[in-house]
Number of protein chains: 2
Amino acid sequence: MANLMHNLNIQIEIDSELYSKNPDSSALGRKIINNSIELIYEIGFDAFTFKKLGTLISSPESSIYRYFDNKHSLLLYLTSWYWTWTEYQLAFVTTNIVSPQERLKRSIKMLTKSVVEDTAVSFVNEVLLSEIIFSESIKAYHTKSVDEENKKGCFRAYKRVVQRVSDNVLEINPEFLYPHMLVSTVIEGSHHQKYFSEHLPALTDVKKNDNSITNFYTEMVFNFLEK
Amino acid sequence: MANLMHNLNIQIEIDSELYSKNPDSSALGRKIINNSIELIYEIGFDAFTFKKLGTLISSPESSIYRYFDNKHSLLLYLTSWYWTWTEYQLAFVTTNIVSPQERLKRSIKMLTKSVVEDTAVSFVNEVLLSEIIFSESIKAYHTKSVDEENKKGCFRAYKRVVQRVSDNVLEINPEFLYPHMLVSTVIEGSHHQKYFSEHLPALTDVKKNDNSITNFYTEMVFNFLEK
DNA sequence: GCATAAGCGATAGTATTACTATTATAATTG
DNA sequence: CAATTATAATAGTAATACTATCGCTTATGC
């Protein structure tokens, strides 16, 4: 699939509560973002430290701390970036499609598949970022500070994505009681299933790299909505 | 619901790869387990340390290290205990029920609701433990060491639960392609939805403490199987 | 019932992590 | 070109996640 966003020069703007200093405002900031994505992808978020990142980019830890309070804040930034980018992608994939069923089908596909092509939006490698989101993003909101961060608006982008797809669900079945539950189940579920397929295959039925995750959630949703 | 397991004096046996020294074999070991459950429940797994636990039970850290290599191992033990206990519960809830639909319905209910009554099996507070599982258990398998621990068998109990319910699914629809995906989606999904309802309500449709999570997943499963 | 071993508490110590602070130099901006 | 701001270099601290030692106590085995 040719990606329409390619070379469109779209700017992903991230709210200021998600950083101390905007990483998009300097060369060092952009270096922090794209190298952190590679490093987290490589060694996992738990083993990731600002010290290691500093070594990788040949800058002292203290410089990184000017952009983000700690590695958790950085993860919040990355997830927010991802969901903002996903929102654009969803808009592109569904625009000009008349049938709400077809739109939902395309949205589910986009949400349940990991990204395989770098759209080269901004300075971010979206292929690696999507891998990080799939496997580490729960760690962004499964903390004791969720409520506080939620109040500050750190999860706005994710919520907008869920809301957008929920609206699509209600177009198809306006009586449906659980649009948000359904959508968040699909998103989180597909992340889990991919992880299971790679690490705990007894918990899933995926043959690596087939389309069963997308097929499963697509069928699940439409059976539920059109019973 | 009167709980049949109450006062049955059932022993939950945990495989030896899940501890260095069996906590069930000494008073200190049992103290470690039930106090760790309370402490993790209170301050969350991330803030939990062996030092704090040691202070709570008036024992040095080093004594706790004799039972578990680190706090991650302890969490693995607790999750394994929980799934072993859940397996027994599932057996009880479904035994003597002829209809596979009714058995599945009861299993889903048991898997999607957090425990409200302590069955007083062994030395463990199952109400608090189930809260920990719902909110922290992803952290037990979302690590770089999953594969190694999986090989050792640390997730056997969880897999048995998924397998048991999957078999029930196949009884109802032997052609169904994704029994494990369906069951693990229900389990992980209900955990997420409960968490969302408490912290990120925009991602769900739950009114606190209603039965919507159980209703949602029950409907979802049966619509999918009986389309 | 006595010897042996195992379990535990008390204490000390180390490497790593997650920061904070200070200052000099380099780059930007007005 | 002056003023501001960003960065690098360095140092330092408190907490975490352990490991090691040792002496006392309590089981267990004969």
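Throughout, protein chains are lettered first and strands after them, A, B, ... in sequence-line order, and every chain is numbered starting at 1.
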Is the ring centre of B:Phe196 less than 6.0 Å from the ring centre of A:Tyr141?
yes
Answer yes or no: does a side-chain N or O of A:Thr49 lie under 4.0 Å from OP1 or OP2 of C:dT17?
no
Closest to side chain of A:Pro60, choosing from D:dA8, C:dA10, C:dT17
D:dA8
Nearest non-hydrogen partners of B:Met181 and A:Asp205, listed with the distance:
N-OD2, 2.8 Å
Return no unless some side-chain N or O of A:Ser59 is found under 4.0 Å from OP1 or OP2 of D:dT7.
no
B:Asp69 has an atom CG; how far is it from atom P of D:dA20, in whole Å?
12 Å
Pick out which of A:Lys194, A:Gln193, A:His192 makes a side-chain hydrogen bond (donor to acceptor under 3.5 Å, both in side chains) with A:Thr204.
A:Gln193
Tell me whether the OP1 or OP2 atom of C:dG7 has a side-chain N or O from B:Lys21 closer than 4.0 Å.
yes
Integer-rounded Å distance: C:dT17 P and B:Asn70 CG:
15 Å
Of the options C:dC8, C:dT17, C:dA18, whose atoms approach the side-chain atoms of A:Lys71 most closely?
C:dA18
Let me know the distance between CD1 of B:Ile64 and P of D:dT16, rounded to the nearest Å.
14 Å
Have a look at A:Ser62 and say if it touches a base, only the backbone sugar-phosphate, or nothing, with a 4.0 Å heavy-atom cut-off.
base
Taking the six-membered ring of A:Phe45, is NZ or CZ of A:Lys139 closer than 6.0 Å to its centre and within 45° of its axis?
no
Protein-nucleotide distance (B:Leu28, atom CG; D:dT25, atom C1'), rounded to Å:
14 Å
Categorize A:Tyr67 for me: base, sugar-phosphate, or nothing, with a 4.0 angstrom heavy-atom threshold over every strand shown.
sugar-phosphate
Is B:Lys152 salt-bridged to B:Glu17, cutoff N-O under 4.0 Å?
no
Reckon B:Tyr65 has a side-chain N or O less than 4.0 Å from the OP1 or OP2 of C:dC8?
no
Could you state the CG-P distance from A:Leu53 to C:dC19, rounded to the nearest angstrom?
14 Å
To the nearest angstrom, the CZ-P distance between B:Arg66 and C:dA10 comes to 12 Å
Between CZ of B:Phe48 and P of D:dA17 the distance, given in whole Å, is 10 Å
Can you check the A:Glu61 CD to D:dT7 P distance for me, whole Å?
16 Å
